[in-house]
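As structure tokens, the structure follows; a few thoughts come after it.
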Amino acid sequence: MGKLMYIPFRQLFIRKIISAAIATFFFSIIFAWLEPELFGDSSMLSIGARSHEAFGIINVYMMYAAPAIYLYGIATSLISEMIACAVTQRQWLRLTVSAILHCGFGLILLHISLIAAILFFISDTIISLKWKKPIKVNIALASPLLPFCLWLLSVAYINLTG
């Protein structure tokens with residue numbers, strides 16, 4: 001069967017945890033930039049004002065996004081990859097099927113979750129294609145530090161700038 005079928009489930013799960021950390025990190029930044037004000041119109045903000053508002057709201061978006069990406073994202077990404085591996089042996093076709101399934105699962109909250117699903121798929125695909133050695137558990141355990149540090153920076157920014 002295909003190359004991905006020979007990856008032990010443990011390695012697959014570890015890779016998904018790392019992908020979730022990366023997706024959470026980038027999703028929080030991107031979505032905060034796209035929607036920097038929860039209840040206001042952000043279309044008239046200057047770049048500096050938009051950046052200020054976005055960096056101040058990252059921690060709020062991350063509190064909601066992180067659990068969803070880690071729970072729903074990992075589960076649906078595992079399902080997507082298993083279905084894609086069952087459907088075909090060709091790597092490019094597997095990636096296509098997996099991308100379609102990621103986007104389908106990502107439509108649960110329309111554009112909000114679709115952004116997260118695409119980021120998850122991209123990060124997971126890059127890791128699977130570029131990381132040739134088995135991934136150690138300590139890397140997966142350390143990976144949530146990436147979004148956590150961003151969250152801390154956002155909280156610190158709010159406290160320093162008001």
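For this chain, numbers begin at 1 and follow the sequence in order. Not measured: the values here are computed from a predicted model. Side chains are part of it too, since the values below use all heavy atoms of this structure and drop only hydrogens, waters and symmetry mates.
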Tabulate below the donor-acceptor pairs under 3.5 Å that side-chain atoms of residues 58-75 make, not counting sequence neighbours, or state none.
from	atom 1	to	atom 2	distance (Å)
Tyr61	OH	Glu35	O	2.5
Tyr72	OH	Phe105	O	2.9

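- Cluster partners of Leu93, by chain and number: Trp92. The rule joins Ile, Leu, Val, Met, Phe, Trp and Tyr whenever side-chain heavy atoms lie under 4.5 Å apart.
- Between Ser123 and Ala23, the shortest heavy-atom distance links the atoms OG-N, 4.4 Å.
- Residues meeting the ring-ring contact (aromatic ring centres under 6.0 Å, His included) test with Phe25, sequence neighbours left out: none.
- Taking Ser80 as the reference, nothing meets the side-chain hydrogen bond (donor to acceptor under 3.5 Å, both in side chains) condition, with sequence neighbours excluded.
- Every residue was checked against the side chain to side chain contact (heavy atoms under 4.5 Å, CB included) condition with Cys149, not counting sequence neighbours, and none meets it.
- Judged as a salt bridge (Lys or Arg N to Asp or Glu O under 4.0 Å), the pairs with a partner in residues 111-131 (not counting sequence neighbours) are, in order, Arg15-Asp124, Lys16-Asp124.
- Two different hydrophobic clusters hold Ile100 and Ile79 under the rule that ILVMFWY side chains link at heavy-atom gaps under 4.5 Å.
- Contact record, Ile112 with Phe27: O-CE1, 3.2 Å, taken as the closest heavy-atom pair.
- In terms of heavy-atom proximity, Gly106 sits nearest to Ala117 at CA-CB, 3.6 Å.
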Original post:
Can you check side chain to side chain contact (heavy atoms under 4.5 Å, CB included) on Phe55 and Ile29, steps first, answer last?
Top reply: CA-CA 8 Å; Phe55 204 68; Ile29 293 170; over 6 Å; no
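- Contact detail for Ile158 and Gly56: the closest heavy-atom pair is CD1-O, 2.8 Å.
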Atom pairs and distances, donor-acceptor, side-chain atoms in residues 139-146, under 3.5 Å, two or more places apart:
from	atom 1	to	atom 2	distance (Å)
Ser143	OG	Ala140	O	2.8

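- The two atoms that bring Pro36 and Ala54 nearest to each other are CB-N, 3.7 Å, heavy atoms only.
- Summarising the local packing, CG of Leu160 is surrounded by more than 12 heavy atoms from other residues, nucleotides or ligands at distances under 6.0 Å.
- Screening residues 110-146 for ring pair (Phe, Tyr, Trp, His ring centres under 6.0 Å), with sequence neighbours left out, gives His102-Phe121.
- In this view, His52 and Tyr157 satisfy the ring-ring contact (aromatic ring centres under 6.0 Å, His included) rule, not counting sequence neighbours.
- For Leu110, there are no side chain to side chain contact (heavy atoms under 4.5 Å, CB included) partners two or more places apart in sequence or in a different chain.
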